[in-house]
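Read through the structure below, which is laid out as structure tokens, and then see the notes.
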Amino acid sequence: MPSLGVNIDHVATVRQARRTDEPDPIWAAAEAELGGADCITFHLREDRRHINDRDARLLSETVGVKLNMEMSVAEDIVAVAEELRPAQATLVPERREELTTEGGLDVVKHRAVLTRVVERLRSRGIVVSAFIEPLPDQIRASADVGCQAVELWTGAYAHASDDVERRKALGDLAEGIAVGKGVDMDVHGGHGLTYRNVASVAALPGFCEFNIGHSIVSRAVFVGMREAVRQMKELLVRYEPGESP
Ligand code: PXP
């Protein structure tokens, strides 16, 4: 079964709405682990709009499962990753005006800088993944710059407005998985996945990790983080490849 990375950024978003000390994303990470999360994911943004340096440090000290740091290639962020040494870094594009990470990193265009950053992170023992659209050129370029994994942007599937678009997006993801495996990379998926739409993506053979944030945090408001994670894990088991829905 693919592992579930729980992105806890939006617990910090609620905290920052009041610039106070609750809810604490560190508690959220512990509760997510108790609910069965295989990985805790956080994004230390350059503007520190939700997760801050204190959170990043405490997560790196307390998380017992795999810790995945989403990050841009800005120098100060790379320096934090080098110091904290999360198990995995997922390189993402970052624009200040966006609501959340929109689309994937253009690895083809930024080969030179990515090669340097990947080398720096890998030399600290960090597994490096690139968050990209499921395009063969981007996947091959990610392997070329030294990434060991890619996280395929599932947004086209999640935001599809009809079945034709949805089927096309699933086909692109399936092809992306094949290309990724062909260049010996682990293939992850994420963005816009919810309790309602995760089934078709979970049923695609070859994904080894999903990173899901907004939908899990939203459900946690009503049922608690532990139960919200448990419910998402249950869907991943129910729809895993080879199982009938
Ligand atoms: N993966 C990556 C690389 C992301 O940037 C995000 C959003 O922070 C997610 C997964 C999670 O997306 P969502 O909050 O839509 O589940």
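Counting convention: from 1, in listed order, for ligands and their atoms alike. Atom set for the values below is all heavy atoms of this structure, side chains included, hydrogens, waters and symmetry mates excluded. Treat the numbers as computed from the prediction; the structure is a model and nothing was measured.
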*With Arg48, which of Asp76, Asp9, Asp55 fulfils salt bridge (Lys or Arg N to Asp or Glu O under 4.0 Å)?*
Asp76

*Would you kindly say whether Gln148 and Asp186 are connected by a side-chain donor-acceptor distance under 3.5 Å?*
no

*Which residue from His191, Glu151, Glu70 reaches closest to atom 4 (C) of ligand 1 through any of its heavy atoms?*
Glu70

*Quick one: CD on Glu46 to CE on Met71, what's the gap to the nearest 0.5 Å?*
9.5 Å

*Partners passing side-chain contact (heavy atoms from CB on, under 4.5 Å) against Asn197 (at least two apart in sequence or in another chain)*: Tyr157, Ala158, Leu193, Thr194

*Under 4.0 Å from any heavy atom of Asn211, which atoms of ligand 1 are there?*
10 (C), 11 (C)

*asked:* Within the 4.0 Å heavy-atom shell around Ile212, which atoms of ligand 1 are there?
replied: 16 (O)

*Measure the NZ-CZ distance between Lys233 and Arg238 for me, rounded to the nearest 0.5 Å.*
14.5 Å

*Is there a heavy atom in Gly192 that sits closer than 4.0 Å to ligand 1?*
yes

*Can you sort out which atoms of ligand 1 are near Asn7, meaning under 4.0 Å from one of its heavy atoms?*
8 (O)

*Run the numbers for me: atoms of ligand 1, each under 4.0 Å from some heavy atom of His214, listed by number.*
13 (P), 14 (O), 16 (O)

*asked:* If you measure every N or O of Val92 against every N or O of ligand 1, does any of those distances drop under 3.5 Å?
replied: no

*Do the ring planes of His191 and Phe131 sit parallel (below 30°), tilted (30 to 60°) or perpendicular (above 60°)?*
tilted

